[in-house]
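Numbers restart at 1 for each chain; the letters A, B, ... are given by sequence-line order, proteins then strands.
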Amino acid sequence: MPIKNITRSSIILTLFALVTTGLTAWTFILTKDRIAAEKENAIVRNINQIIAANLYDNDVANDCIVRQNHLQKKTRIFRARQAQTNVALAIETFAPDGYSGRIDLLVAVDSQFKILGVRTTAHNETPGLGDKIEVKKSNWIKSFNGLSIEPDNLQKWAVRKDGGMFDAFTGATITPRAVVNAVKDTLLWAQQQPDLFSQAANCGVEQ
Amino acid sequence: MSPIKEISWQGIWKNNPALVQMLGLCPLLAVTNTLINGLGLGLATLFVLLGSNISVSIVRNWIPNEIRIPVFVMIIASLVTCVQLIMNAYTYQLYQTLGIFIPLIVTNCAIIGRAEAFASKNNPLLSAWDALMMGTGFLMVLAVLGAIREILGNGTLFSGADLLFGEGATHLTMNLFNVEESFLVAILPPGAFIVMGLLIALKNHYDKRIENLVVGQQKSQKIERARVTLESQS
């Protein structure tokens, strides 16, 4: 009775599909809030590395806007404020031209667009060479601290090999060049955006 | 040998999923650049294997033979998604590090291999034990591979322990020696192949020595080859 067999098999398969999907859905519901909280923590942890936590008192992970950046990609910008005073921006950006593809960066600037700090959040650069852009591996990324872009120092925003002021790593010039350019372009772009602080928040974990 | 002992021996040594069956090599080679990464993926795989073996064994008598593979795949895929969600929730940073290799556990042939070769023919208790032993065998190889590569490449051990065990475990990280320029090849994918090759060679060497000890003077000319229980390999 092949028809009977097919019917039976289909019913069993359907049952299994329902049960396994149910199990997955149940786990999803159970872990949903925790995952959202962890994501928020991760954002705050990254931001606190470059904007001291005692400088602001707002819910920085949720005071966030989405903007199309200089590379025509949507990025998030987090605003840190102390009692309604604008303190700093943490801008998510990336270098598209790393040695192994994209390098994700977080750039923090104060309200005068002076850099508070830069951190690498994700990259695939060669371990031991290009990965010195991580703060865990080298202090190089801290050489951005306190800098800003003025018309008269624009030329200096490059690695030393290109006549600029930033060191490159032995055996890896492409990585630092990509990071320096990305930070520079992000800063130039941000300076053209007058309402980064004032626009109403439209992203963040809660939305 | 009792079945329990036999299963343990098979899983951990004689038919080790990584060293002998050579299953799941892709995640194995890709994530073992530190001990903690290896342990993380090993534990995730062990958990999935345990869940899939037990569930397959429980339902084994109700599934018609023709649809057993789709059923196994559904069970495994759902378990992997659950593990993925749980890791995302409770070991967020480790999950970020292991990334794509957690969902890729679905494609680890060791898991469907055990479901097909063992769990679909044995009772839940034995299947659970089989999963534990096979999973432990896999976990051990991941851990040893990760440890060797981490020591050679970074001069550290247990770096990133806090990702797996929480903040309190940061002190576990050991700095064995400081290297100005680390031994790069150990961290890169070729290092994984080389160390893996050495581990397999070492195992075969010991197998031969044990065999010689047992057999004693009787020199057997017979060459025994390890067999994979499934034709398919990852």
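Between B:Tyr92 and A:Lys39, the closest side-chain pair of non-hydrogen atoms falls below 4.5 Å. With contacts defined as side-chain heavy-atom distances shorter than 4.5 Å, the pair B:Pro70/A:Leu13 qualifies. Counting heavy atoms from C-beta on, the side chains of B:Ile67 and A:Phe16 never come closer than 4.5 Å.
In this structure A:Ser138 satisfies the side-chain contact (heavy atoms from CB on, under 4.5 Å) test together with A:Lys132, A:Trp140, sequence neighbours excluded. When the side-chain contact (heavy atoms from CB on, under 4.5 Å) test is applied to B:Val106, the partners found at least two apart in sequence or on another chain are B:Val80.
The environment of B:Leu125 atom CG is sparse: at most 12 non-hydrogen atoms of other residues, nucleotides or ligands sit within 6.0 angstrom. At most 12 non-hydrogen atoms from other residues, nucleotides or ligands lie less than 6.0 angstrom from CD of A:Gln155. The environment of A:Phe113 atom CZ is dense: over 12 non-hydrogen atoms of other residues, nucleotides or ligands sit within 6.0 angstrom. For A:Lys114, the NZ atom sits in a loose shell: 12 or fewer heavy atoms of surrounding residues, nucleotides or ligands are nearer than 6.0 Å. Annotation for A:Gln84: atom CD does not count as buried by contact number, only 12 or fewer foreign heavy atoms lying within 6.0 Å. Heavy-atom neighbours of A:Phe197 CZ from other residues, nucleotides or ligands within 6.0 Å: above the threshold of 12. Heavy atoms from other residues, nucleotides or ligands lying under 6.0 Å from CH2 of A:Trp157 number more than 12.
Looking at every heavy atom in both residues, A:Glu38 comes nearest to B:Ala89 through CG-O, 3.3 Å.
Atom CE of B:Met87 sits about 13.0 Å away from atom OG1 of A:Thr31, to the nearest 0.5 Å. One finds the CG atom of A:Leu30 at 10.0 Å from the CG atom of B:Leu85 (value rounded to the nearest 0.5 Å). The distance from the CG atom of B:Asn88 to the NZ atom of A:Lys32 is 14.0 Å, given to the nearest 0.5 Å. We find the CG-CH2 distance between A:Leu15 and B:Trp62 to be 11.5 Å, quoted to the nearest 0.5 Å. Here the CD1-OG1 distance, from B:Ile76 to A:Thr20, works out to 11.5 Å after rounding to the nearest 0.5 Å. Summarising the geometry, atom CG belonging to B:Leu79 is positioned 6.5 Å from atom CG belonging to A:Leu23; distances are rounded to the nearest 0.5 Å.
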*List the steps, then state whether side-chain contact (heavy atoms from CB on, under 4.5 Å) holds for A:Thr27 with B:Ile86.*
CA-CA 8 Å; A:Thr27 317; B:Ile86 292 168; 4.0 Å; yes
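Only the side chain of B:Glu66 comes within less than 4.5 Å of a heavy atom of chain A; its backbone N, CA, C and O stay farther away. At a 4.5 Å heavy-atom cutoff, the contact between A:Ala17 and chain B is made by backbone and side-chain atoms alike. With a threshold of 4.5 angstrom between heavy atoms, B:Gln96 does not approach chain A through any atom at all.
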